[in-house]
Amino acid sequence: MDDQKHSTLDDIISQRKEKIENIRQLGINPYPYAYNISHYSKSIIQQFDSLENETVQIAGRLMAIRLMGKAAFANILDSQGKIQIYLNKTAIGEKNYELFRLLDIGDFIGISGKVIKTRTGEITIQAESLTLLSKNIRPLPIVKEKDGVAHDAFTDKEQRYRKRYLDLIVNPQVRDVFINRSKILQAIRRFFDMRDFLEVETPVLQPLYGGANARPFTTYHNTLDRTLYLRIADELYLKRLIIGGFDKVYEIAKNFRNEGMDRNHNPEFTAIEFYQAYVDYNYMMDLVEKLFQSVAQALEVETAEFSGHTIKLMEPFARKPMFTLFEEYLGENISDYDIDKLRLLAKEKGLEIGAKANYGQILDELFGEFIEPKLIQPTFVTDYPKAISPLAKTHRSGNPQIVERFELFIGGSEFANAFSELNDPVDQRERLEAQAKLRDLGDEEAQVLDEDFLQAVEIGMPPTGGVGVGIDRLVMLFTGQASIKDVLLFPAMRPESAHNPEQQ
RNA sequence: GGGUGCGUAGCUCAGCUGGUAGAGCAGUGCCCUUUUAAGGCAUUGGUCGAAGGUUCGAUUCCUUCCGCACUCACCA
């Protein structure tokens, strides 16, 4: 017998193409146009008592075949989960059984049949008819499972990220993460819509970029014959809308930053920014706290497991001025330190500080090193140095070095950044001019002076509170994922160029 | 960017101090009409990430490069 067939990947693919021809010769279209579904796997299992012996029609992907001569069990995966089907030659007929023998794991099929329980008690659909819905020609990773333990699971992270469709087919817990991501986005939109915020869209392609300290992506518009930048933040456009008279606006959008990639950073990431007229950062703190809690409610959780800690989400978030935290964690009241004393303190604590660092930057370094990692439970840190906050209003206390700004920290990382927005046009111009000087001195992340934005502020901006929240990180918190790649369907990956040198 | 580790069949993994590779699953053929990591018998399948080097001989040792993970630094 020369029926043995090789099984390299190419062999398997050509075998499956032959099967497609065989199926066509049976008079069956391997790629039909539609199929009527009456139920999904999960609803059949949940409603078994009322569905027993009823006829249902389901469709999904064949994930396992246990063939026994003239009968077979198989598992079907649909959008809700898996269910077992049972077929035998007598019930489905000669021709359909012949078709079944030409099927492979990975094919889509439709099954019409009775809901039964097998001898071992598994809810099963006893097929009365079988319809091929789409033939697979490239083999899937095979994952087997017993007692909830997956065997030979598809675990290679690189392959999972590069071929997310396989990851989603084969790893059900991955599907859940992205379902939860969608629920989180829905909850956020509902939260702002209920409070009469207007959802807006502002440019991704910008002649100038601003609103954050970051390096941009650069692109080029042929008709305009000029360089454009991909947005690094929504801030300056959303403020123009507050100036334009919308009192409450929000935007959920991709930002692009031409910086490093690691488990907390992807070159494109999603953020929400929201602005409200006539309120200050205290009001916004309340709003952020309510936002997090309403997301928790939408997911029906009160805590989150994140970076090895149980985060309590439903209790009031701590609120502490930066200087108070310094006193708590470093045992020193540094509120009236000048730059030299700060520099000395940093040195004593063994922290390397660049020679050009200003007062605010040294303070920020100290904070990032000694305090930030210790802020595990949700904590609003308030009142930041002015030098690192060019868009925030000077503190009402009168200390000219401090602005009204807060950041929310959870599990040692930043989740939100907010200001009482600077609306004094003269002050704002001076601050952006100071940033421009930093740029001239070589700080690539310093902000660009946006003349149109300054003119807008000169037209008059009401007192305004503004907040930015990183959505990917929020999803990491609520889904317990340690890497941003696990909450992005298609995370940025370096090209696999080794096998395709032409693509370079 | 630095450090550590990894890259072997479609998938999951072995491969000891160098002698051109093995298993399970998937595939193929046969048996099997309530199985469930179904089972039984047989069987195919690999430029061992890429390129150089050492060697009579490299999956194994060395160098460089590519990719991924972890980690430190930086950033949201």
Side-chain angles (χ1 to χ4, degrees), chain A residues 1-16 18-19 63-75 82 84-92 97 104-106 116-122 124 126 138-163 166 170 212-215 232-233 255-271 352 365 368-369 407 413-417 444-445 468-474 476 482-485 491 493-501 504:
Chain A
M1 289 268 272
D2 197 30
D3 277 346
Q4 293 295 336
K5 290 185 179 168
H6 295 185
S7 48
T8 65
L9 182 56
D10 287 344
D11 293 330
I12 291 171
I13 288 171
S14 54
Q15 282 162 23
R16 292 192 182 179
E18 278 173 39
K19 286 180 178 177
M63 294 301 286
I65 300 171
R66 294 180 289 281
L67 185 69
M68 289 165 301
K70 298 183 180 62
F73 288 90
N75 294 337
K82 278 186 190 170
Q84 178 171 266
I85 61 168
Y86 173 73
L87 306 94
N88 73 55
K89 198 173 178 178
T90 320
I92 65 171
Y97 202 74
D104 289 289
I105 289 168
I116 59 157
K117 245 183 202 171
T118 61
R119 188 187 284 168
T120 53
E122 179 156 350
T124 299
Q126 186 162 24
R138 185 177 291 271
L140 251 41
I142 303 292
V143 180
K144 303 222 170 186
E145 195 189 307
K146 188 184 189 183
D147 303 329
V149 180
H151 299 263
D152 299 338
F154 180 59
T155 51
D156 184 298
K157 286 196 178 188
E158 181 172 357
Q159 289 306 310
R160 290 182 42 223
Y161 298 144
R162 289 189 196 279
K163 301 200 178 298
L166 293 179
V170 146
N213 296 59
R215 290 162 63 194
I232 58 169
N255 289 338
F256 305 85
R257 297 190 184 175
N258 209 339
E259 293 172 349
M261 293 162 61
D262 60 33
R263 73 172 191 287
N264 285 309
H265 301 272
N266 197 65
E268 55 180 294
F269 64 99
T270 304
E352 298 263 343
E365 287 278 334
E369 181 68 22
E407 293 192 311
S413 47
E414 184 193 332
F415 277 77
N417 182 23
E444 279 188 87
E445 294 192 347
V469 179
I471 295 292
D472 307 299
R473 204 163 273 181
L474 188 76
M476 287 165 67
S483 168
I484 195 170
K485 287 188 166 74
M493 300 289 278
R494 290 186 172 79
E496 286 178 296
S497 53
H499 300 287
N500 294 307
Q504 286 184 331

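The structure displayed is predicted, hence computed values, not measured ones. To find a chain, count down the sequence lines: A is the first, B the second, and so on, and within it residues start at 1.
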Check your understanding: Taking atom P in both C65(B) and G1(B), what distance in whole Å separates the two?
Key -> 11 Å
Check your understanding: Taking any strand in view, what nucleotide pairs with U35(B) in a Watson-Crick or G-U wobble way, both distances under 3.5 Å?
Key -> none
Check your understanding: Considering Watson-Crick and G-U wobble pairs with both distances under 3.5 Å, what does C61(B) pair with?
Key -> G53(B)
Exercise for review: Answer yes or no for this row: F269(A) ring on A76(B) base, centroids under 5.5 Å, planes under 30°.
Suggested key: yes
Review point. Rounded to the nearest 0.5 Å, how far does NZ of K485(A) lie from CG of N264(A)?
Key: 10.5 Å
Check your understanding: Within the structure shown, what part of the strands sits under 4.0 Å from K117(A) by heavy-atom distance: base, sugar-phosphate, or nothing?
Key -> nothing
Exercise for review: Measure from CG on L166(A) to C1' on G10(B) and round the result to the nearest Å.
Suggested key: 10 Å
Practice item. Begin from the C-alpha positions of T124(A) and Q126(A) and carry the test side chain to side chain contact (heavy atoms under 4.5 Å, CB included) through to its verdict. Key: CA-CA 6 Å; T124(A) 299; Q126(A) 186 162 24; 5.7 Å; no
**Study point:** Listed nucleotide nearest any side-chain atom of E259(A), set A76(B), U35(B), G67(B)
**Key:** A76(B)
Review point. Start at the 5' end of RNA chain B and walk down; is the nucleotide closest to E365(A) or to D152(A) reached first?
Key: D152(A)
Point to revise | G49(B) to G3(B) separation - P atoms, rounded to the nearest Å | key: 23 Å
Exercise for review: Starting at CG of N266(A), measure out to CG of D472(A) and round the result to the nearest 0.5 Å.
Suggested key: 7.5 Å
Review point. Does the U35(B) base have a donor-acceptor partner in the side chain of Q84(A) within less than 3.5 Å?
Key: yes
Check your understanding: Rounded to the nearest Å, what distance is computed from the CG atom of residue N75(A) to the P atom of nucleotide U34(B)?
Key -> 17 Å
**Study point:** Test log, rule side chain to side chain contact (heavy atoms under 4.5 Å, CB included), inputs F269(A) and R257(A)
**Key:** CA-CA 8 Å; F269(A) 64 99; R257(A) 297 190 184 175; 3.7 Å; yes
Review point. Hey, does A271(A) reach any base, or is it just sugar-phosphate, or nothing, if we go heavy atoms under 4.0 Å?
Key: nothing
Review point. Tell me: CZ of R162(A) to P of G10(B), nearest whole Å?
Key: 17 Å
Check your understanding: Which nucleotide in the set A37(B), U35(B), G27(B) lies at the smallest distance from any side-chain heavy atom of E122(A)?
Key -> U35(B)
Practice item. Considering only atom C1', compute the distance from U8(B) to U20(B) and round it to an integer number of Å. Key: 13 Å
Point to revise | Minimum heavy-atom distance P141(A)-L166(A), with the two atoms named | key: CD-CD2, 3.9 Å
Practice item. Give K19(A) one of three labels, base, sugar-phosphate or nothing, depending on what nucleic acid heavy atoms sit under 4.0 Å from its own. Key: sugar-phosphate
Review point. If we take the C1' atom in both G67(B) and C30(B), what is their distance in whole Å?
Key: 43 Å
Practice item. Using Watson-Crick or G-U wobble geometry with both distances below 3.5 Å, tell me the partner of G1(B), or none. Key: C72(B)
Point to revise | Heavy-atom side-chain contact between M63(A) and E145(A) under 4.5 Å | key: no
Revision key, fill the gap. Which of C74(B), G27(B), A76(B) is nearest the side chain of E414(A)? It is A76(B)
Check your understanding: Rounding to the closest angstrom, what is the interatomic distance between C31(B) and U12(B) at atom C1'?
Key -> 29 Å
Check your understanding: Using a cut-off of 4.0 Å on non-hydrogen atoms, how would the nucleic acid contact of R160(A) be classed: base, sugar-phosphate, or nothing?
Key -> nothing
Practice item. Could you check which of U33(B), U34(B), G27(B) has an atom nearest any side-chain atom of A71(A)? Key: U33(B)
Point to revise | Identity of whatever pairs with G29(B) - Watson-Crick or G-U, under 3.5 angstrom | key: C41(B)
Check your understanding: Do L9(A) and R138(A) have side chains that get closer than 4.5 Å, going by heavy atoms?
Key -> yes
Check your understanding: What nucleotide, of A38(B), U28(B), C13(B), holds the atom closest to the side chain of R66(A)?
Key -> A38(B)
Review point. Can you tell me how far P of C70(B) sits from CD of E158(A), to the nearest Å?
Key: 12 Å
Review point. In the structure shown, which nucleotide is the Watson-Crick or G-U wobble counterpart of C6(B), with both distances under 3.5 Å?
Key: G67(B)
Point to revise | Within-4.5 Å side-chain heavy-atom neighbours: N75(A) and R66(A) | key: yes
Point to revise | F154(A) side chain, from C-beta outward: closest of U34(B), U12(B), C25(B) | key: U12(B)
Point to revise | Atom P, compared across U43(B) and U64(B): separation rounded to whole Å | key: 46 Å
Review point. Counting any heavy atom closer than 4.0 Å, what does D472(A) reach on the DNA or RNA strands: base, sugar-phosphate only, or nothing?
Key: nothing
Point to revise | Nucleotide A26(B), atom P - distance to CZ of R16(A) in whole Å | key: 12 Å
**Study point:** Sugar-phosphate only, base, or nothing, as touched by N266(A) at under 4.0 Å among non-hydrogen atoms
**Key:** base
Practice item. Would you indicate what Q159(A) reaches in the nucleic acid, counting non-hydrogen atoms under 4.0 angstrom: base, sugar-phosphate, or nothing? Key: nothing
Check your understanding: Applying a 3.5 Å limit to both distances, which nucleotide forms a Watson-Crick or G-U wobble pair with U12(B)?
Key -> A23(B)
Practice item. Take the protein atom CZ of R138(A) and the nucleotide atom P of G27(B), then report the distance between them rounded to whole Å. Key: 17 Å
Practice item. Measure from CE on M261(A) to P on C70(B) and round the result to the nearest Å. Key: 12 Å
Exercise for review: Give the nucleotide from the list U34(B), C74(B), G67(B) with an atom nearest to the side chain of D262(A).
Suggested key: C74(B)
Review point. Tell me: CZ of F73(A) to C1' of A38(B), nearest whole Å?
Key: 10 Å
Check your understanding: Who pairs with F256(A) by ring-ring contact (aromatic ring centres under 6.0 Å, His included), at least two apart in sequence or on another chain?
Key -> none
Practice item. Tell me what T90(A) touches on the nucleic acid: a base, only sugar-phosphate, or nothing, going by heavy atoms under 4.0 Å. Key: base
Check your understanding: With sugar-phosphate meaning primed atoms plus P, OP1 and OP2, does Y161(A) contact a base, only sugar-phosphate, or nothing at under 4.0 Å between heavy atoms?
Key -> sugar-phosphate
Check your understanding: Between D147(A) (side chain) and V149(A) (backbone), is there a donor-acceptor pair under 3.5 Å?
Key -> no
Exercise for review: Taking only the side-chain heavy atoms of I142(A) (C-beta and beyond), determine which of G10(B), U34(B), A76(B) contains the nearest atom.
Suggested key: G10(B)
**Study point:** Contact pattern, 5' to 3', of nucleotides 39-44 of chain B - B, S or - by protein heavy atom under 4.0 Å
**Key:** ---BBB
**Study point:** From U34(B), A37(B), A69(B), nucleotide with atom closest to K146(A) side chain
**Key:** A37(B)
Check your understanding: If the C1' atom of U33(B) is compared with that of A37(B), how far apart are they to the nearest Å?
Key -> 22 Å
**Study point:** Side-chain N,O (K485(A)) to OP1/OP2 (C68(B)) below 4.0 Å
**Key:** no
Check your understanding: Hey, are the side chains of I484(A) and M476(A) touching, using non-hydrogen atoms and a 4.5 Å cut-off?
Key -> yes
Study note, to complete from the structure: Closest non-hydrogen atoms of S7(A) and I12(A), given as atom of the first, atom of the second and distance, are O-CD1, 3.9 Å
Practice item. Quick one: label R263(A) by what it contacts on the DNA or RNA (base, sugar-phosphate, nothing), any heavy atom closer than 4.0 Å. Key: sugar-phosphate
Review point. Across the strands shown, which category fits R494(A) at heavy-atom distances under 4.0 angstrom: base, sugar-phosphate, nothing?
Key: sugar-phosphate
Practice item. Report which part of the nucleic acid R119(A) touches: base, sugar-phosphate, or nothing (heavy-atom distance under 4.0 Å, all strands). Key: base
Exercise for review: In whole angstrom, give me the gap between the P atoms of C62(B) and G18(B).
Suggested key: 11 Å
